[in-house]
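Since the structure comes first, as structure tokens, the remarks are kept for the end.
Just so it is clear, the structure is predicted and the values come from calculations on it, not from any experiment.
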Amino acid sequence: MTSSSKRVREGAVVAGTLLFAIVALRMSARSPGDLSALDRGILRLVSPSQSAMSYVARGIANVAGRFVELAHARAENHELAKENARLRAEVAGLRRLADETARYQRLLGLRDQTPAETIAARIIAIDTSPYFRSRAFELDRGEGAVKRGMPVLTPEGVVGRIGHVSGPTSDIMLLVDPRSAIDVVVPRTGGRGILRGKSGENGYRCSIEYLTRGNPAQVGDKVVTSGLGGAFPRDLSVGHITAVLPGAVGLFQEVEVTPDVDFARLSEVLVVAAPPPALDSRRRDSPLERHARARPHGL
């Protein structure tokens with residue numbers, strides 16, 4: 001095929017295309033509101049592809065819309081999670097504040113009920129044994145505020161006495177310490193004795209010494225301070241009898257007492273600002289306390 005015939009053929013195709021377009025426009029211009037046979041034919045040809053393209057376009061739009069919605073939902077969830085964490089922290093803080101306020105209110109109530117002058121103190125350090133028993137507590141009150149031997153109380157009951165005082169701090173000798181001796185009474189029977197701590201790392205236990213058999217104790221009996229000896233005010237809660245040991249011989253019963261104070265949850269205490277017990281014979285002990293101190297006890 002020569003170049004001249006090729007040009008003639010291309011010119012014929014262009015001319016035919018233009019003629020077809022002119023005829024189509026002319027037919028449409030005669031009746032714009034009616035579809036000609038040519039228009040219907042063209043529509044039949046392009047309708048399937050147009051429908052397919054519309055379906056694909058709607059699918060893409062739906063996917064894009066869902067992606068945008070998902071992105072917004074994730075952002076909202078992130079903000080809601082942050083707000084939830086903030087509100088939880090605020091609620092926890094308010095609960096701690098409410099608990100602290102309730103503790104202070106109970107402590108104030110105890111101070112109003114205690115006839116002697118008292119000093120509020122906060123526990124700032126705890127020494128824990130390998131068995132998770134809290135055995136030593138350090139207070140934020142020291143020299144000039146408290147003295148050795150002063151009683152230490154909580155609304156639940158007796159904690160112990162002030163032990164060592166050093167500078168601005170002091171520690172507590174708990175009533176479960178074997179060195180501790182407190183004159184107590186069992187209100188149900190009127191029986192009196194000396195409450196001593198029992199050695200052992202795995203629990204808080206005490207026993208009552210010199211509790212005569214004429215006043216038989218029972219499990220569940222309440223134990224309170226007698227008020228004798230000049231240290232502890234009377235009728236302060238100490239604990240409850242949890243065991244009456246069978247087979248004891250002699251004049252006295254053998255009973256075990258569990259303190260009412262939960263030592264693991266101590267945070268604030270009251271120190272009774274009474275004259276500390278003297279370490280010489282001038283101290284006005286009760287006869288039972290003098291007898292108990294005369295007996296040696298191991299730590």
Side-chain angles (χ1 to χ4, degrees), residues 103 106-107 110-111 114 116-129 133-142 145-166 169-185 193-209 222-240 242 256-279 283 285-286 288-289 292-293 297-299:
R103 292 197 307 269
R106 292 197 298 271
L107 209 63
L110 175 63
R111 186 178 67 178
T114 304
E117 180 184 354
T118 58
I119 301 170
R122 183 188 295 272
I123 293 173
I124 57 176
I126 301 175
D127 179 21
T128 305
S129 74
R133 168 178 165 174
S134 301
R135 58 187 180 185
F137 296 86
E138 185 176 352
L139 301 179
D140 63 350
R141 299 283 188 168
V146 299
K147 296 181 180 180
R148 185 171 181 266
M150 287 182 173
V152 181
L153 316 175
T154 68
E156 288 73 30
V158 175
V159 177
R161 303 175 190 254
I162 294 293
H164 183 65
V165 181
S166 177
T169 63
S170 59
D171 59 33
I172 304 173
M173 182 175 67
L174 302 178
L175 62 85
V176 294
D177 193 306
R179 297 170 296 176
S180 173
I182 303 174
D183 200 292
V184 296
V185 63
I194 296 297
L195 185 82
R196 278 196 183 275
K198 298 186 69 173
S199 60
E201 295 288 344
N202 58 348
Y204 299 105
R205 301 175 301 167
C206 302
S207 62
I208 301 179
E209 299 179 348
K222 186 177 180 62
V223 180
V224 300
T225 55
S226 67
L228 300 178
F232 287 88
R234 62 178 298 174
D235 295 330
L236 296 177
S237 178
V238 173
H240 288 78
T242 51
E256 189 171 285
V257 176
T258 297
D260 286 338
V261 173
D262 185 356
F263 296 102
R265 297 175 62 88
L266 283 180
S267 54
E268 300 90 18
V269 297
L270 279 185
V271 180
V272 179
L279 300 180
R283 179 190 172 196
D285 291 340
S286 69
L288 284 176
E289 285 184 298
R293 194 172 61 252
H297 282 74
L299 298 182

Pair Thr169-Glu138, side-chain donor/acceptor within less than 3.5 Å: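 Thr169 vs Glu138: donor-acceptor pair found between side chains.
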Would you say [X] and [Y] make side-chain contact, with heavy atoms under 4.5 Å?
{"X": "Arg141", "Y": "Val165", "value": "no"}
{"X": "Val238", "Y": "Asp260", "value": "no"}
{"X": "Val269", "Y": "Phe137", "value": "no"}
{"X": "Leu139", "Y": "Val271", "value": "yes"}
{"X": "Tyr204", "Y": "Thr258", "value": "no"}
{"X": "Leu270", "Y": "Val152", "value": "no"}
{"X": "Leu195", "Y": "Val257", "value": "yes"}
{"X": "Ser207", "Y": "Glu256", "value": "no"}

Atom pair CE/CD of Met150 and Glu117 - distance to nearest 0.5 Å: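 So the gap between those two atoms works out to 8.5 Å.
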NZ-NE2 distance between Lys222 and His240, expressed to the nearest 0.5 angstrom: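 Interatomic distance, Lys222 NZ to His240 NE2, rounded to 0.5 Å: 4.5 Å.
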Exercise: identify the closest heavy-atom pair between Cys206 and Pro259: SG-CG, 4.2 Å
Non-hydrogen atoms of Ser170 and Val146 that approach each other most closely: OG-CG2, 3.7 Å
Is the backbone N or O of [Y] less than 3.5 Å from a side-chain atom of [X], with the two atoms forming a donor-acceptor pair by type?
{"X": "Ser237", "Y": "Val224", "value": "no"}
{"X": "Ser180", "Y": "Arg196", "value": "no"}
{"X": "Asp183", "Y": "Leu228", "value": "no"}
{"X": "Thr154", "Y": "Glu156", "value": "yes"}

Test applied, side chain to side chain contact (heavy atoms under 4.5 Å, CB included); reference residue, Met173; option that passes from Asp177, Asp171, Val176: Asp177
Full working for side chain to side chain contact (heavy atoms under 4.5 Å, CB included) between Leu266 and Val261: CA-CA 8 Å; Leu266 283 180; Val261 173; 3.8 Å; yes
From CA spacing to verdict: side chain to side chain contact (heavy atoms under 4.5 Å, CB included), Phe232, Val158: CA-CA 9 Å; Phe232 287 88; Val158 175; 3.5 Å; yes
